[in-house]
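First up is the structure itself, then whatever we jot down about it.
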Amino acid sequence: MAFAADPPHTHGTLTKFFGVSADFCYKIPDSLHTREGILLEPLAVAVHAIRLADVRPGHRLVVFGAGTVGLFCAVVAREFGASTVISVDLLPGKLDVARKLVGAEVSRSWVPNSSYTAEENAQDLMETYELEDGADIVIDATGAESSVQTAMCILQPGGTYVQVGMGKRNIQFPIAEICERELSVKGSYRYGTGDFELAMSLVQRERIKFDGLITGEFSFEQASEAWESTRRGDGVKNVIKGPGD
Ligand SMILES: NC(=O)c1ccc[n+]([C@@H]2O[C@H](COP(=O)([O-])OP(=O)(O)OC[C@H]3O[C@@H](n4cnc5c(N)ncnc54)[C@H](O)[C@@H]3O)[C@@H](O)[C@H]2O)c1
Ligand SMILES: OC[C@H](O)C(O)[C@@H](O)CO
């Protein structure tokens with residue numbers, strides 16, 4: 001898969017014109033403003049992950065990370081029938097967005113304690129939400145070592161773990177947990193056939209609404225400020241306009 005947004009295959013999409021074959025394009029639904037169209041990409045990432053996780057009605061999920069990808073994993077899981085989705089993030093503001101997007105009936109939130117071990121955090125989360133044997137499915141959308149370690153300790157026997165977050169290439173990984181509880185561990189990378197279609201359909205049918213998710217708009221000249229704002233974790237999604245827009 002050649003990814004358009006960053007080198008080496010291209011110089012990136014931060015340009016006035018970007019040529020791409022028509023059969024690699026999807027028409028943004030008329031109901032969406034172009035700037036909201038950028039959210040279809042991370043939504044397709046989430047659709048891919050939730051399909052791989054095989055979320056079924058009644059499942060209880062934990063999603064580490066409430067950035068764009070984690071938020072969308074949580075709301076797509078709701079659409080697949082999850083009864084409870086616990087969003088985990090260090091930033092309480094991100095969890096407020098998750099609650100609004102997913103809805104109070106399904107959404108729960110939890111902030112890890114940075115001075116706890118992974119096992120202590122896992123125990124705290126499971127007690128808080130009465131997950132006696134553990135969650136059915138856990139998704140990591142942070143790439144953070146501490147999240148991955150905690151995630152492994154909150155799955156029920158036979159549960160499924162999906163790695164979406166991409167952080168350090170090598171981390172300490174509690175491999176015994178996989179063996180002893182017969183966990184299924186999967187990696188999720190970008191998207192596959194049908195993921196963009198389902199993402200667009202969820203938006204067109206207004207099952208998922210993008211209202212309030214574009215929290216910053218920057219001119220081309222302010223691009224570095226946009227990246228800095230994203231690095232600080234401000235808001236949800238920043239848009240950088242093309243040159244001359
Ligand atoms: N697998 C793929 O195809 C794919 C596609 C897109 C993004 N990604 C990866 O997914 C991850 C999420 O992407 P995003 O765009 O939502 O990023 P983001 O930076 O917007 O979100 C990450 C969130 O994780 C939270 N976080 C960081 N460390 C944490 C910790 N220790 N505990 C709890 N929360 C923590 C942050 O506060 C933030 O809200 C990134 O690692 C990104 O590289 C992977
Ligand atoms: O949504 C697609 C992602 O941005 C990526 O796959 C990227 O972060 C890794 O190269």
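All values below come from the heavy atoms of this structure, side chains included, with hydrogens, waters and symmetry mates left out. As the structure lists them, so they are numbered: ligands from 1, and atoms in each ligand from 1. Numbering of residues begins at 1 and proceeds along the displayed sequence.
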Which segment of A49 sits under 4.0 Å of ligand 1 when only heavy atoms are counted: neither
I'd like to check which ligand 1 atoms, numbered from 1 as shown, lie under 4.0 Å from a non-hydrogen atom of T68. 16 (O), 20 (O)
Is the closest side-chain donor-acceptor distance between N121 and T150 under 3.5 Å? no
Considering the heavy atoms of G65, write down every atom of ligand 1 situated less than 4.0 Å from one of them. 24 (O)
With side chains defined as the heavy atoms from C-beta onward, is the minimum distance between V236 and L39 less than 4.5 Å? no
Which of parallel (below 30°), tilted (30 to 60°) and perpendicular (above 60°) describes F196 and Y26? parallel
Is K94 close to ligand 1, meaning an N/O of one under 3.5 Å from an N/O of the other? no
Out of L71, V162, L90, V69, whose heavy atom is nearest to atom 29 (C) of ligand 1? L90
Please check if any side-chain donor atom of E119 sits under 3.5 Å from a side-chain acceptor atom of Q123, or the reverse. no
Sub-4.0 Å atoms of ligand 1 with respect to non-hydrogen atoms of R190: 2 (C), 3 (O)
For atom 9 (C) of ligand 1, state which one of E41, M166, Q149 supplies the nearest heavy atom. M166
Test your reading of the model: is there a side-chain donor-acceptor pair from D136 to the backbone of R60, 3.5 Å cut-off? yes
Side-chain touch W110/L125, heavy atoms, less than 4.5 angstrom: yes
Return the CE to CG distance between M152 and D140, rounded to the nearest 0.5 Å. 8.5 Å
S188, G67, G235, G165: member with heavy atom nearest to atom 1 (N) of ligand 1: S188
Mark the output for G233 as yes if a heavy-atom distance to ligand 1 is under 4.0 Å, and as no if none is. no
Numbered atoms of ligand 1 (with element) below 4.0 Å of S146, judged on heavy atoms: 31 (N)
Could you tell me whether a side-chain N or O of S229 sits under 3.5 Å from a main-chain N or O of E225, the two making a donor and an acceptor? no
Is the closest N or O pair between V164 and ligand 1 shorter than 3.5 Å? yes
Please determine if V45 has a nitrogen or oxygen closer than 3.5 Å to a nitrogen or oxygen of ligand 1. no
Can you name the atoms of ligand 1, numbered from 1 with element, that are less than 4.0 Å from a heavy atom of L91? 37 (O)
Close-contact set for ligand 1 against A141 heavy atoms, below 4.0 Å: 11 (C), 12 (C), 22 (C)
Could you tell me whether the side chain of E228 and the main chain of T230 form a donor-acceptor pair under 3.5 Å? no
Backbone N or O of S109 within a donor-acceptor pair of the Y129 side chain at under 3.5 Å? yes
Y189 N/O under 3.5 Å from ligand 1 N/O: no
Geometry only, no angles: is K237 polar-contacting ligand 1 at N/O separations under 3.5 Å? no
Mark up the atoms of ligand 1 that fall under 4.0 Å of a heavy atom belonging to S147, in ascending order. 30 (C), 31 (N), 32 (N), 33 (C)
Kindly indicate whether the side chain of D234, heavy atoms from C-beta on, has any atom under 4.5 Å from the side chain of T215. no
